[in-house]
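Input: a single structure, listed below in structure tokens.
None of the values given here were measured: they were computed from a predicted structure.
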Amino acid sequence: MYRFLLTPRWWGINLFVVLAIPFCVFMGTWQLGRFEDRVQTHDAAEKQPAPGTRPAKPLDELLPVDTVTSGRPATATGRYADQFLVPGRELDDRSGFYVLNMLRTDSGKALPVVRGWLPGKPGHTAVPAAPTGTVTVTGDLQASENTGTAGVDTAGGLPDGQLGMISAASLVNLVPYDVYDAWVTLQDADGGAGGKGAGALRPVPAAVAQGTGLDLKAFQNLGYTGEWFVFAGFVLFMWFRLVRREAEAARDLQLGLTEDTGAGADAGADADANTAAEAGVAPAATAKADVSAEAGAASGAGAGADDKADVKAGAGAGKDGVGTETV
């Protein structure tokens, strides 16, 4: 009944099922591992003191930025150079912009320093001047932004002096010197100038490193885990359903409940072969016996016709004899 599983069409179906189920299980397991990593990172972060409360260290000792060094206080010494305004940034549910200055260090590379935040739009709000001369800054270390960072402007077309994304990849095209692949936000937004007036810069709090904590992304990983496992179960369910339907069709054809049409012809031939095999007669022998029987029946019919012809001939001869004798 299940010989149809060896047909070419079912070979393709079986191969798809054999490949699809392990793939779905692998992807679900991988997404589950991502979620578990975030949970462990979250638990480890809660057991450690806040990054901003740790003692400051030289910038070079904290690079490259990772989930451990992100948010740690870093110190750097140099002179402020180019200034950029970063629009579209919010603080306390208010729209404004960051004030970013490039700090040229003794190594020749420049460190992007966010001196603070101002409300309003760039060009419409006065910006406090940056300190002059050699300065030493202390700020919370941050990794370069990317397209997934909140507030990033990827549309482009900003005026000169404005920046949509704080990253080394964006800044190297705007300044003639090397840039650190990191930036800091000052703990003291005044940066040594600007005072405490209404137009003073406000400090920008350090953001949590991406890929850590139980944020929305973490629960998305958990949701994807369930989806992949559901896909694996659905593939297996559909395979069993197709097998059952095909087996029922073959059984109905064997019992004569359905006509032998279309795809059912092959199943019907298999069923006839199975019946003959169960009766102990080979299919070829059965066909030969059927032909012999038909030939015998034809011969018998011919002999019967000859006998009838002889009887008619005898009857005619009898009539002729009777007529002759009377005359």
Side-chain angles (χ1 to χ4, degrees), residues 2 5 9-54 57 61-74 88-90 93 140-155 164-170 180-185 204-247:
Y2 293 98
L5 292 174
R9 181 171 71 93
W10 274 95
W11 267 112
I13 295 175
N14 294 337
L15 180 62
F16 171 77
V17 172
V18 169
L19 295 178
I21 292 179
F23 176 76
C24 292
V25 172
F26 169 77
M27 292 301 298
T29 304
W30 179 71
Q31 291 288 352
L32 182 61
R34 293 288 300 274
F35 175 74
E36 291 177 346
D37 290 341
R38 288 176 175 268
V39 172
Q40 293 176 359
T41 303
H42 177 72
D43 293 340
E46 287 187 340
K47 296 178 181 178
Q48 295 180 357
T53 62
R54 300 181 185 181
K57 288 187 176 183
E61 295 183 10
L62 299 176
L63 296 177
V65 184
D66 54 21
T67 57
V68 177
T69 60
S70 178
R72 291 283 301 273
R89 302 306 173 103
E90 294 185 355
D93 297 330
D140 296 331
L141 186 63
Q142 301 281 267
S144 291
E145 294 181 337
N146 53 52
T147 55
T149 305
V152 166
D153 182 4
T154 58
M165 180 189 305
I166 307 175
S167 68
S170 299
Y180 282 103
D181 189 17
W183 58 282
V184 297
T185 172
V204 176
V208 179
Q210 291 186 348
T212 61
L214 296 178
D215 53 4
L216 180 60
K217 184 66 175 179
F219 289 100
Q220 285 181 348
N221 294 132
L222 185 61
Y224 293 150
T225 299
E227 288 181 0
W228 282 113
F229 287 146
V230 169
F231 290 158
F234 179 75
V235 170
L236 188 61
F237 166 76
M238 290 302 299
W239 184 83
F240 275 112
R241 184 175 180 180
L242 290 175
V243 169
R244 181 180 178 182
R245 186 175 65 179
E246 195 82 6

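For the atom pair OG (S167) and CG (D181), the distance works out to 8.0 Å, reported to the nearest 0.5 Å. Separating the CG atom in L32 from the CG atom in N221 is a distance of 9.5 Å, to the nearest 0.5 Å. Taking CG of L222 as the start and CD of E227 as the end, the distance is 10.5 Å to the nearest 0.5 Å. Here the OH atom belonging to Y180 is positioned 11.5 Å from the CG atom belonging to L141, to the nearest 0.5 angstrom. The structure places CD1 of I166 at 9.0 Å from CD of Q142, a figure rounded to the nearest 0.5 Å. Between the CG atom in D37 and the CZ atom in F35 there is a gap of 11.0 Å [rounded to 0.5 Å].
Counting all heavy atoms, side chain and backbone alike, V235 lies closest to F16 at CG1-CE2, 4.4 Å. What you find for P22 and V17 is that their closest heavy atoms are CD-O, 4.2 Å. When all heavy atoms of T225 and G28 are compared, the closest pair comes out as CG2-O, 3.4 Å. Here the closest heavy-atom approach between residue A74 and residue V184 is recorded as CB-CG1, 4.5 Å. In terms of heavy atoms, G71 sits closest to D140 at O-OD1, 3.7 Å. Between L62 and P73, the closest heavy-atom pair is CD1-O, 3.5 Å.
Remark: the backbone N or O of T67 is not paired with any side-chain donor or acceptor of S70 at under 3.5 angstrom. With hydrogens and angles disregarded, a donor-acceptor distance shorter than 3.5 Å links the side chain of T185 to the backbone of V204.
The closest side-chain heavy-atom distance from Y224 to R34 is not below 4.5 Å. Looking at heavy atoms from C-beta onward, V152 lies in side-chain contact with R89 at the 4.5 angstrom threshold. Put simply, the side chain of M165 reaches to within 4.5 Å of the side chain of T147, judged on heavy atoms.
Using the six-membered ring where Trp is involved, F231 and W228 have ring planes that are perpendicular, over 60° apart on the 30 and 60° scheme.
Ion pair R241/E246 not flagged as a salt bridge, since none of the NZ, NE, NH1 or NH2 atoms sits closer than 4.0 Å to an Asp/Glu carboxylate oxygen.
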